[in-house]
Amino acid sequence: MRLGALLMTLLMAFAGTATADADVNVNTDVGERVVGGERVSIADHPWVVYVADAAGNQFCGGTLVSPTKVVTAAHCATTRTPRNTRVVLGREDRKGDDGVVARLSAIWVHPEYVAADQGADVAVLTLRSPVDYTPLPLAQPSDGVLYEPGTSGRVFGWGRTSEQGSTSRYLLGATVPVTDHEYCRTAYPQFDPAEMTCAGYPEGGVDTCQGDSGGPFVAGGKLIGVTSWGEGCAREGKPGVYSNVAAYSQAIEEQLAA
């Protein structure tokens, strides 16, 4: 979570509102966020979902990885219950009524999760019933090439479109390059390359933001990252930080089989 966003997320979660990213780049709730992005079609990205409260208020993103499983960020799920959480699939316009509003039967949060910037920021939501949308494959430890610096990836979400802006009504997408570990460690001393990956341009301008937390970072047709945290949104020298899906693929797959 973008640090500020994390604090905001916790406050909103306890208040029962809908937002999961506030400023720790817990990229959770920032307007059309995907800052610097453009509108994209849900039909072309059927695995992109959003997570909402029981009243339908979106607060995080997620990725459908099987007919009954959605991967999101742990910081989006720690204060949630299956009863007060929904997953919305196939809906590009948050104010529309297309798609499916799915209820949950279980929420798994990585047992080592403490805070977004300390790693293990992954969670799996189990839907009560299977859905007929195409899932996205998980990156595996053998997919190291997808994490090489300079690799172009795509991020998606309904979050803020600027650091202090409003969230987006429509699904947005943007392209960001994977950065090298040293660059990310310079930006964030707590960055752990064993569990995280960074993406963004040195000059900033394109990034995920509040409201985008938990959403997908995609490359090579696979889910390589989960929008997690960062400092502000799209700031110069402050790339977005994503949970490294390949590092957690075994733990996630154990949940897919549960």
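We use all heavy atoms of the structure for the numbers below, so side chains are in, but hydrogens, waters and symmetry mates are not.
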**Q.** Under 3.5 Å donor-acceptor, Asn57 side chain and Ala52 backbone
**A.** no
Q: Establish, yes or no, whether a centroid distance under 6.0 Å links the rings of Tyr242 and Trp229.
A: no
Q) Checking side-chain contact (heavy atoms from CB on, under 4.5 Å) for the pair Val40/Glu38: CA distance, chi angles, key distance, verdict? A) CA-CA 6 Å; Val40 297; Glu38 68 287 325; 4.0 Å; yes
Q | Ring-ring centroid check Trp47 Phe156, cutoff 6.0 Å | A | yes
Q | side-chain contact (heavy atoms from CB on, under 4.5 Å) between Val245 and Val71, worked out | A | CA-CA 10 Å; Val245 170; Val71 171; 5.5 Å; no
Q) Tell me, do Gln190 and Gln118 make a side-chain contact under 4.5 Å, heavy atoms counted? A) no
Q. Do Tyr133 and Val49 come within less than 4.5 Å of each other through their side chains, counting heavy atoms only?
A. no
(Q) Just so I know, are the side chains of Phe191 and Cys198 near enough to count as touching, which here means a heavy-atom distance under 4.5 Å? (A) yes
Q: Specify the closest pair of heavy atoms between Lys95 and Asp93, including all atoms of both residues, with the distance to one decimal.
A: N-OD1, 2.8 Å
Q | Derivation and outcome, side-chain contact (heavy atoms from CB on, under 4.5 Å), residues Ser105 and Thr126 | A | CA-CA 6 Å; Ser105 61; Thr126 300; 3.3 Å; yes
Q | salt bridge (charged side-chain N to carboxylate O under 4.0 Å, His left out) pairs, two or more places apart, involving residues 172-199 | A | Glu182-Arg185
Q. Mind checking whether Val178 and Tyr183 sit in one hydrophobic cluster, side chains of I, L, V, M, F, W, Y counted as touching below 4.5 Å?
A. no
Q) Any idea which heavy atoms bring Ala247 and Ala194 closest together, and the distance? A) CB-O, 3.3 Å
(Q) Using a 6.0 Å cut-off, check whether atom CD of Gln250 has over 12 heavy atoms from anything other than its own residue. (A) no
Q. Do Arg94 and Tyr170 come within less than 4.5 Å of each other through their side chains, counting heavy atoms only?
A. no
**Q.** Donor-acceptor pair, side chain of Tyr188 and main chain of Pro239, under 3.5 angstrom
**A.** yes
Q | Distance, nearest 0.5 Å, that separates CD of Gln58 from CZ of Arg169 | A | 14.0 Å
Q. Considering only heavy atoms from C-beta outward, does the side chain of Leu104 approach that of Arg80 to under 4.5 Å?
A. no
Q) Do any N or O atoms from the side chain of Tyr50 and from the backbone of Gly62 form a donor-acceptor pair under 3.5 angstrom? A) no
Pairs of donor and acceptor atoms involving the side chains of residues 135-149, under 3.5 Å and at least two apart or interchain, shall be tabulated with distances.
residue : atom : partner : partner atom : Å
Gln140  : NE2  : Leu138  : O            : 3.4
Gln140  : NE2  : Glu253  : OE2          : 2.8
Asp143  : OD1  : Lys222  : NZ           : 3.2
Asp143  : OD2  : Gln140  : N            : 2.8
Asp143  : OD2  : Lys222  : NZ           : 2.9
Tyr147  : OH   : Ile224  : O            : 2.7
Tyr147  : OH   : Asn244  : OD1          : 3.3
Tyr147  : OH   : Ala246  : N            : 3.1

Q: Might you point out which heavy atoms bring Pro216 and Val48 nearest each other, and give the distance in Å?
A: CG-CG2, 4.1 Å
Q.
Would you compute the distance between atom CD of Glu231 and atom CG of Asp207 and round it to the nearest 0.5 angstrom?
A. 11.5 Å
(Q) Does Asp132, at its CG atom, have more than 12 non-hydrogen atoms belonging to other residues, nucleotides or ligands within less than 6.0 Å? (A) no
Q. Roughly how far, to the nearest 0.5 Å, is SG of Cys233 from NZ of Lys238?
A. 13.0 Å
Q) Between the side chains of Arg154 and Thr175, does any donor sit under 3.5 Å from an acceptor? A) yes
Q. Which distance, rounded to the nearest 0.5 Å, do you find between the CG of Leu171 and the NE2 of His45?
A. 7.5 Å
Q | Expected output: side-chain Lys69 to main-chain Leu64 donor-acceptor under 3.5 Å | A | no
**Q.** Pairwise side-chain contact, Arg91 with Leu89, heavy-atom cut-off 4.5 Å (strictly under)
**A.** no
Q | Contact summary for Cys184 and Val241, nearest pair of heavy atoms | A | SG-CG2, 4.4 Å
Q: Determine whether the side chains of Thr68 and Arg128 contain a donor N or O and an acceptor N or O closer than 3.5 Å.
A: no
Q.
Any non-hydrogen side-chain atom of Asp212 less than 4.5 Å from a side-chain atom of Val34?
A. yes
Q. Within the distance-only criterion (no hydrogens, no angle test), does the side chain of Asn84 pair as donor or acceptor with the backbone N or O of Thr81 below 3.5 angstrom?
A. yes
Q. When you look at Leu127 and Val87, which way does the side-chain contact (heavy atoms from CB on, under 4.5 Å) test go after all the steps?
A. CA-CA 8 Å; Leu127 310 183; Val87 168; 4.0 Å; yes
Q. Measuring from Cys60:SG to Leu125:CG, what's the distance to the nearest 0.5 Å?
A. 9.5 Å
Q.
If I compare all heavy atoms of Val206 with all of Ala174, which pair ends up nearest, and what's the gap?
A. CG1-CB, 3.6 Å
Q) Any side-chain heavy atom of His75 sitting closer than 4.5 Å to one from Tyr113? A) yes
Q.
Looking at every non-hydrogen atom in both residues, tell me the closest pair between Val122 and Ser243 and how far apart they are.
A. CG1-CB, 3.8 Å
Q: Measure the spacing between OG1 of Thr72 and CH2 of Trp108 and express it to the nearest 0.5 Å.
A: 12.0 Å
